[in-house]
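What follows is a single structure, written as structure tokens, with notes after it.
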Number of protein chains: 2
Amino acid sequence: MKIYKNYKLSITLFSIMFLTTFTGISQENKQLHPNLITTAKSIELIKKKLGKYPLLDNSIKEMKDLVDPELNKEIDFPIPVDPAGGYTHEKHKENYLMMYRAAMLYQVLGDKKYSDYVIKMFKGYVALFPTLGLHPDGKSYSPGKLFWQALNDAAFLVNVAQAYDCVYYEFTPEDRKAVETKLLKPLADFLSVGSPKMFNRVHNHGIWLNAAVGMAGYVLNDKELIKRALFGAEIDRTLETFKTVDYNDPALKGFDPDRPAGYFMQLDNLFSPDGFYIEGPYYQRFSIWPFILLAQTIENNNPDIKIFKYRDSILKKALYTALQLSNTNGDFFPFNDALKGMSFASPELTLALDVVYKNYGKDAELLDVAAKQDRVVFSEGGFEVAKDVAENKAKAFIWKSANFGDGADGKNGGVGILRYGPSSDQLCQIMRYTSHGLAHGHFDKLNQLLYDNGNEILQDYGAARWVAVIQKIGGRYLPENTTWAKQTIAHNTLVVDEKSHFNGDINESSEHNSELYFYDASNESYQIISAKENNAYPGIQMHRTFVMITDSRLEKPFVLDIFNVVSESKHQLDLPFHYLGEIMDVPFDHEVMTKDLKPLGEANGYQHLWLLSKGKTKEPQAKFTWLNSGRFYTITTVADENTELLLCRLGANDPEFNLRPDPSFIIRQKEAKNHTFVSIVEPHGSKSLTREIVTNSEGGIKKLAIVYQDSDYIAIDVIVQDKKLRVILSLNNNDTKKSHSLKIDGKMQKWMGPYMQLFDK
Amino acid sequence: MKIYKNYKLSITLFSIMFLTTFTGISQENKQLHPNLITTAKSIELIKKKLGKYPLLDNSIKEMKDLVDPELNKEIDFPIPVDPAGGYTHEKHKENYLMMYRAAMLYQVLGDKKYSDYVIKMFKGYVALFPTLGLHPDGKSYSPGKLFWQALNDAAFLVNVAQAYDCVYYEFTPEDRKAVETKLLKPLADFLSVGSPKMFNRVHNHGIWLNAAVGMAGYVLNDKELIKRALFGAEIDRTLETFKTVDYNDPALKGFDPDRPAGYFMQLDNLFSPDGFYIEGPYYQRFSIWPFILLAQTIENNNPDIKIFKYRDSILKKALYTALQLSNTNGDFFPFNDALKGMSFASPELTLALDVVYKNYGKDAELLDVAAKQDRVVFSEGGFEVAKDVAENKAKAFIWKSANFGDGADGKNGGVGILRYGPSSDQLCQIMRYTSHGLAHGHFDKLNQLLYDNGNEILQDYGAARWVAVIQKIGGRYLPENTTWAKQTIAHNTLVVDEKSHFNGDINESSEHNSELYFYDASNESYQIISAKENNAYPGIQMHRTFVMITDSRLEKPFVLDIFNVVSESKHQLDLPFHYLGEIMDVPFDHEVMTKDLKPLGEANGYQHLWLLSKGKTKEPQAKFTWLNSGRFYTITTVADENTELLLCRLGANDPEFNLRPDPSFIIRQKEAKNHTFVSIVEPHGSKSLTREIVTNSEGGIKKLAIVYQDSDYIAIDVIVQDKKLRVILSLNNNDTKKSHSLKIDGKMQKWMGPYMQLFDK
């Protein structure tokens, strides 16, 4: 990862301001508990409206349903031995969540049974924690004490700091002292000065540690902890945990123990100026929680810092960008190591939304998302969200076409999203041309994802993992995450010679990013994203352009995909389409492996694909049609005698059945030098299950052809029904003011800018 | 099919009554149009409430959205040449649906643009119809004229008779005469005396023809047509279509051209006394439409017949039984040739529900279903449903445990359904032990289906067909429907020596049905269905018992499955579980075919299964866990050294990709004589995608063992957590009053009736 070079200026200015003025928590907030996220004021507001606002009531009921059955059970505080998924791990996790929930219920309902329970929990940890060394199965790069990773200890501290804040006045002074000196302060010390390599690292684990220590600092009114959280921990090189650092670990790339670190450093570097989080939306969801927790805590205790204004309101952008990086059902785009089904209904986004709603001007579109979250956090923001949803102030949340830059300076490539249609039935085309995305990144330059009508049509596989399922190696990433999910063939992008981009080397990949060629969504009826990748394969230039085109003769828009590959030597080029749905029509000739299946290849993910059939077409284009949720989709692709058409299904070399048996359609160009894949994905027709009526199962794209090509231009004709649509792309000049002229079929065509579209009347 | 032997008595009594009193349509109803389904009175009611009742308004909007764009287009009346899926077929189908909808819109909105459109349509058909011979691609057993099957011509007539009824007064007398003499009467004649082999057949096609002719008879006030509809057509053996009958066609089994036939015959024979339709719920949905259409038409015109009282209110039972034969999301159980996703939201059930609601005492539970249908038919019943839904009179529809007898006398086996829990989260176990079910039947004696939490857990594959998709052989049944979907291995029941029940011979299968042993759902915490099948395999007796058991130590009920096989000679016994979901745990030793897949077998469906892995267990039981929609399911099965455990996936020998790639788990007992499969399917735990929290992924059933077995009894111990649950079954005496005593492990146990359950305290 490239660290943003300007951080020193912004941090230096900020830290001078902070360190000269900071004398601990602002006086007016000093002795008020709770005052981290939940505040005394918010509780006062909430208590008056019990039974009035459904989102508040749902949130209380959800917590009561979980906490009430536990109140009279014996609590277990096991000696930590298990990794994630194991008993001790899950038990301590359950314990801190119960502490948090019970403390919240105590605040809103005022029932001492809840505070008693929380105090009992604290006493257990006060007894246990001082006895603990490092976790016996601790992760080498950052072991915890209660858990295998310091990350989980940080999540523990984030939750129990809030629990402590909420039952503060119910403790005896002695108990309070014990909690502070035997649990909270030592744990905060362990996570900061005791774990400097992770605490000072620009990384999602780092921000969790920063937030935990900061929240502990505020609840303890400990200026030193707060300073560490904001600016990094002092380095004590004698510490045992510090010595275990392996600087050759690629995951630690960019780590410098002597550099300023902490919350501001994370804010400067983990988000791009557009609010794009370097690891992608699944991890954006995960890290936005500590970012927002600490921000609201700072705001409640040091409003003078004006944290929500920091870096041009970066926290607001972080939430909005996360929301835009989702399908219209709220599911995040599964870039990188991402688990499918994670959505904006997660608790992390609930907190972030409540906080952003309050601190950034009450955007009514957020209320639409809040209604789908169906719960709020007990905070002033949460209260206002619940109130405004109940008062029907929500406006429909709008997903828009957008192009988000990646990297701290926004210049490390990005993600382009083209959308057409209302949220209820939207076509959405995504191209990823970002940086690698740290250790959870995939080798997926210029990857395509396609959604329509609320469904995944061309999927990104996401991660091979079942979080928290013990039987699946404790819920950790599975071996197939490396052998399949990260490999290029698992994505909808070019694979050369059956090798992944950068030959699967994360160090190499982390040095580069793809580059935007141009993006234009200003005209809804032809929206374009175009990007280039020149480093993924030595000697090969990749340039991919997607145009989402609306043609009034078709019922739906379609996506034209121009993938130009420039190479001086011959290679095998594979362009996979990981479609989801049922095969409806394979009109080209092909040999189906009806009696024996073999893997498609040997390595780099190919070993996981069963080859189902292999085909060729005598036509100048090939078609393939499938059905997904009552709608048909047809790929039309330009083909020639060197084009092979493969149908595959995932599952080979998977002895533990860790992979989903998903299908794919691969366009293979054998022994190709320069080659351009030109394809269209067209949604069309419908199939009703209860009416048994089918419409337009064949689609309206009749022909697709490259009618002109040289090193500077490509021109493509699409025959829609009986009329022609011509698209011309300038390949080497993206200046929107540049005039072009080109003779095609003896006719001169003139236009301005890199893209031209022409309809036959 | 066995024809119900008592039909003569009921029909004879009824027909004497009818024929002596019938003088055409009752006088008071005579000149009122419309008076088939939509009546003048219903229209008067509806017109007053436009904009008031959402279900009415939705229904109007739905029709307007379809009709309005067509009004000014040229109408095509192509010469019929194509089978289903082809242009001429789909065009004529669209035409009659448009005629029906436009006529309805004319009635409720009074706008002449709609009646003009309908009249224009009629003129086209008046010109076309007289020119037509039999359809060039006509089905041999019953060709149509406009369509390849007379069935479709009947659907045409059902719709246009209603359209005619609704625009009757807008025709000139000449046009009216032309429609009656050149279209309606000749088509009704063709479908009755012109197609006697289908018209007089007890079959879903037969009832469509009867209803069409009856409705034409009523709209034309033609006593002869009405008589044919109710009692069958005269036989004219000189007709060309009659000569094509092939009496060896198994689909025509039971057809007797000289027998009384028609509507009453269908009512007597196609439903069991419980309202179970012989072909299963998918076709029950399809045939209930003509049954109900003709019933309401008769009621509106000849209320003296009291058709809704006929056969102890059989039409009411038909609807309620159809509704009960569905999952809690409304999807019908996919017995036999059934397409998944067909549900009670279909137009057929909408009509049936509206009619039953009005004529059988306004059951508020039906309104809950109507609200999900979200539309009504423009009839008095439809009006009342829309009104009562708008007035919030709906009560939650309750799915109940039930046992439905099959066959005209209810004695040809049946279907047992065990349910536990509210509709929002219900476990539902089904055993099918019916008769074959005519030509669409499958070889699936004692088949199991399991639903939970609204999802299919153990599936019946249903039919291999994409209705109306041209590319899938015109939407007809696919070859794999015969080679896979109908075969026994495609079901969750016993397969002996890789052959289907009755060796796949429909004639043989149609001679037999399984037999109920006992059914008891009186105690919610142990509900039982037990049945025997002694004919599917020569020399082999099959006896399967399902007990749905609730044990307070488990979070959910589970299903115990005792499948007792008695055989004197050695066979290979396969018991498949067609689970749906993702594999979470395969704890037994097995060899996974990671590099090469081969079909499991050669024939009878086995050729379609890829063998993924083959295992054995050293434990006295084997377990297998999968995940479906956020919940875990574990099969625990008693095993020994002759037990093989196979994992398979569908898709071999499927050159057109017609099969879904669904998974299965097969318990194989090699060289077994007498053998009892004892298995448990247990739902447990949860996995939240947005919270990433997993609970109880391993389940609570620790052990399962047969602790006693002789030819009369079997006793099974289930270890739930650390406590024992004992189940004893009497295998040869189902008398609920019979006392039994049995010594197990030296301890005498005494009980009454065929089943005993004992919990360790």
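In what follows, chains carry the letters A, B, and so on, assigned in the order in which the sequence lines appear, proteins first and then strands, with residues in each chain numbered from 1.
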Interatomic distance, CG@A:Leu612 vs SG@A:Cys648, rounded to 0.5 Å, equals 6.0 Å
Given that the side chain runs from C-beta out, which part of A:Tyr282 has a heavy atom under 4.5 Å from chain B: side chain, backbone, both or neither? side chain
What I want to find out is whether B:Asp425 reaches B:Arg631 closely enough, with some N-O distance under 4.0 Å, to be called a salt bridge. yes
Heavy-atom distance under 4.5 Å to chain A: side chain of B:Phe344, backbone, both or neither? neither
Assess whether side-chain hydrogen bond (donor to acceptor under 3.5 Å, both in side chains) is satisfied between A:Asn658 and A:Glu480, documenting all intermediate values. CA-CA 7 Å; A:Asn658 285 336; A:Glu480 291 74 16; 2.8 Å; yes
Which bit of A:Pro655 is near chain B, if near means a heavy-atom gap under 4.5 Å: side chain, backbone, both or neither? both
Aromatic rings B:His440 and B:Tyr283: how do their planes relate, parallel, tilted or perpendicular, breaks at 30° and 60°? parallel
One option among A:Asn653, A:Val467, A:Val469 has the most heavy-atom pairs under 4.5 Å with chain B, and it is A:Asn653
Is B:Glu62 salt-bridged to B:Arg101, cutoff N-O under 4.0 Å? no
For chain A, the option from B:Thr690, B:Leu597, B:Asp585 that forms the most heavy-atom pairs under 4.5 Å: B:Leu597
With a 4.5 angstrom heavy-atom cut-off, which part of A:Glu348 approaches chain B: side chain, backbone, both or neither? side chain
Cut-off 4.5 Å, heavy atoms of chain B, and the answer for A:His590 is side chain
Mind ranking A:Glu90, A:Lys687, A:Met593, A:Met584 by heavy-atom pairs under 4.5 Å with chain B and telling me who comes out on top? A:Met584
Kindly compute the distance separating OH (B:Tyr579) from CG (B:Leu627), expressed to the nearest 0.5 Å. 11.5 Å
Tell me, for B:Asp654 versus chain A, whether the close heavy atoms (under 4.5 Å) come from the side chain, the backbone, both or neither. backbone
Sort out for me which of A:Asp596, A:Leu647, A:Ile583, A:Leu689 touches chain B most, counting heavy-atom pairs under 4.5 Å. A:Asp596
Could you tell me the separation between the CG atom of A:Leu609 and the OG atom of A:Ser664, rounded to the nearest 0.5 Å? 5.0 Å
Name the region of A:Lys595, side chain, backbone, both or neither, that has any atom closer than 4.5 Å to a heavy atom of chain B. both
In terms of heavy-atom pairs under 4.5 Å with chain A, which of B:Pro663, B:Ala652, B:Gly341 leads? B:Gly341
Side chain, backbone, both or neither: which part of B:Lys598 has a non-hydrogen atom closer than 4.5 Å to chain A? both
What I want to find out is whether B:Lys472 reaches B:Glu656 closely enough, with some N-O distance under 4.0 Å, to be called a salt bridge. no
Taking side chain as everything from C-beta outward and backbone as N, CA, C, O, which of these in A:Val694 sits under 4.5 Å from a heavy atom of chain B? Side chain, backbone, both or neither. both
Would A:Arg660 count as a cation-pi partner of A:Tyr461, with NZ or CZ less than 6.0 Å from the six-membered ring centre and within 45° of the ring normal? yes
Is chain A contacted by the side chain of B:Leu349, its backbone, both, or neither, given a heavy-atom distance below 4.5 Å? neither
Go through the atoms of B:Lys340 and report whether side chain, backbone, both or neither lie under 4.5 Å from a heavy atom of chain A. backbone
Could you walk me through whether B:Trp626 and B:Phe665 pass ring pair (Phe, Tyr, Trp, His ring centres under 6.0 Å), step by step? CA-CA 11 Å; B:Trp626 70 99; B:Phe665 171 61; 8.1 Å; no
Contacting region of A:Glu582 [heavy-atom separation from chain B under 4.5 Å]: side chain
